[in-house]
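Since the structure comes first, as structure tokens, the remarks are kept for the end.
Along the sequence shown, residues carry numbers from 1.
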Amino acid sequence: MNKNILALVLGLSVVGCASHTGVEPTISIADMNASDTCCVSKKDFAWIPLDKTENVGFSIDTSSPVWEFKTGKSYFNAFEFSPQSGNVKVTIDSKMLNKEVFAPTVQLLDADYNVVRTIGLDDFDVRFSDMFDANRYVSSFEVDAQSLPYMVVYTRPSDVGKVVSVPHPAKVRAQESGEPLPIVTDPKFIQSYAGELNLEVETLTLGARKTEPAVVKNTSAAVVPAAVLSDTVNYYHTAIQKAVAQDNIPKALSLLDEAKALNIEGAQEVFVKAINSKK
């Protein structure tokens, strides 16, 4: 078999829209739809500040906040670019692990939290596994962080449950070496509401975006609308409890730190009670 035929076979082995294989994602659409949203508006998201240069792994799972996007409910993570960044290069990887993969969609928002640009799953490529990383979806793009300071990573329910198939590593090695194509089964991954991702940010030019001054805690009931405060408190309390119940203590501690920074009352007590209940 010549190399052109081998390349054709390998190219056909990547399938992005197979509908059903008998395997279901660990989080069902029904469970997702039954989840409570985290916030009243996108302004109330727990925005994670990014440095000018960043390389960080993160999870999107049942301990992540939930929002009702136009395409439906999804777990998500929200990020804010550094005020000192101008143009930035962003690279997002979503790893294919344990037969599942988070199918990412990215929203870029302006200073008023309006969605200006959307990067869908079609803008992600499949990168095959190597000695450094697993099979993964990956997309790189540039953003003007001065005009689009906010970024949200989530998934569309219409992408959940579809299957992606990637070439077996033995096929890739055979193609690279010119050896006969082995008879092996290609690994398949179901697109899910949860997964492991990696985010890289590289500042290409500097900027000087003005930021809102930090809000000083005030005991007056008029400072924060009751609905916003209640939703935010409930989100952090529930997320901390879930993380501890899943033995994900680093995630619970991270949520606890965020809650303290936002002056969420009772977060420390919730964490301690959740830990004690595990004993």
Side-chain angles (χ1 to χ4, degrees), residues 27 31-51 54 56-69 72-83 107 109-115 149-155 193-194 196-197 199 209-279:
I27 303 168
D31 289 341
M32 184 75 260
N33 289 337
S35 301
D36 294 329
T37 55
C38 68
C39 313
V40 173
S41 68
K42 289 184 177 180
K43 182 178 181 180
D44 305 313
F45 285 1
W47 296 99
I48 301 169
L50 297 170
D51 290 333
E54 194 76 78
V56 60
F58 64 98
S59 300
I60 295 182
D61 53 30
T62 55
S63 63
S64 302
V66 175
W67 181 251
E68 180 84 44
F69 296 89
K73 283 185 178 180
S74 174
Y75 297 111
F76 71 92
N77 269 352
F79 302 92
E80 180 180 3
F81 295 114
S82 168
Q107 287 183 346
L109 292 75
D110 63 18
D112 295 319
Y113 306 97
N114 299 309
V115 178
Y150 301 110
M151 179 174 69
V152 178
V153 182
Y154 68 104
T155 192
Y193 283 111
E196 301 289 330
L197 299 93
L199 169 65
R209 186 175 79 248
K210 293 182 179 180
T211 58
E212 297 267 340
V215 177
V216 178
K217 185 178 179 182
N218 193 313
T219 56
S220 170
V223 174
V224 182
V228 175
L229 180 60
S230 177
D231 283 348
T232 305
V233 170
N234 288 339
Y235 160 67
Y236 277 101
H237 285 190
T238 301
I240 289 170
Q241 290 168 339
K242 284 184 178 180
V244 173
Q246 295 168 355
D247 292 323
N248 193 344
I249 303 304
K251 178 72 173 182
L253 289 171
S254 176
L255 288 163
L256 179 59
D257 288 341
E258 289 181 20
K260 288 180 177 179
L262 294 171
N263 296 316
I264 302 298
E265 294 184 0
Q268 180 73 38
E269 291 78 4
V270 168
F271 175 76
V272 172
K273 287 181 180 178
I275 291 293
N276 289 337
S277 67
K278 297 281 290 182
K279 295 180 179 178

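- In this structure, the side chain of Asp112 does not engage the main chain of Asn114 through any donor-acceptor pair within 3.5 Å.
- Across every non-hydrogen atom of Thr155 and Ser74, the tightest pair is N-OG, 3.0 Å.
- Between the CZ atom of Phe79 and the CG atom of Leu50 there is a distance of 6.5 Å, given to the nearest 0.5 Å.
- Residues satisfying the side-chain hydrogen bond (donor to acceptor under 3.5 Å, both in side chains) test with Lys42, not counting sequence neighbours, are Gln107.
- Atom CG in Leu197 sits 8.5 Å away from atom CG in Asn77 (nearest 0.5 Å).
- Remark: Asn248 CG to Leu253 CG distance equals 9.5 Å, nearest 0.5 Å.
- For the pair Val66 and Tyr154, the minimum side-chain heavy-atom distance is 4.5 Å or more.
- Interatomic distance, OH of Tyr193 versus CG of Asp61, reported as 14.5 Å (0.5 Å rounding).
- Taken to the nearest 0.5 Å, the CE atom of Met151 stands 9.5 Å off from the CH2 atom of Trp47.
- Nearest heavy-atom pair, Val153 versus Ile60, reported as atom, atom and distance to 0.1 Å: O-CD1, 3.7 Å.
- Separating the CD1 atom in Ile249 from the CZ atom in Phe271 is a distance of 5.5 Å, to the nearest 0.5 Å.
- When the options Phe76, Phe45, Tyr235 are evaluated for a ring-ring contact (aromatic ring centres under 6.0 Å, His included) with Trp67, the one that passes is Phe45.
- Glu68 and Thr37 make their closest contact through N-CG2, 3.8 Å (heavy atoms, listed as atom of the first residue, atom of the second, distance).
- Considering only heavy atoms from C-beta on, Ile48 stays 4.5 Å or farther from Phe58 through its side chain.
- Residues meeting the side-chain hydrogen bond (donor to acceptor under 3.5 Å, both in side chains) test with Thr62, sequence neighbours left out: Gln246.
- Without hydrogens or angle criteria, Lys73 side chain to Asn33 main chain gives a donor-acceptor distance under 3.5 Å.
- The nearest pair of heavy atoms linking Ser64 to Ser59 is OG-O, 3.7 Å.
- Closest approach of Pro149 and Ala111 over heavy atoms only: CD-N, 3.8 Å.
- The nearest pair of heavy atoms linking Leu255 to Ala243 is CD1-CB, 4.4 Å.
- Within the 4.5 Å cutoff, side-chain heavy atoms of Ile264 are placed close to those of His237.
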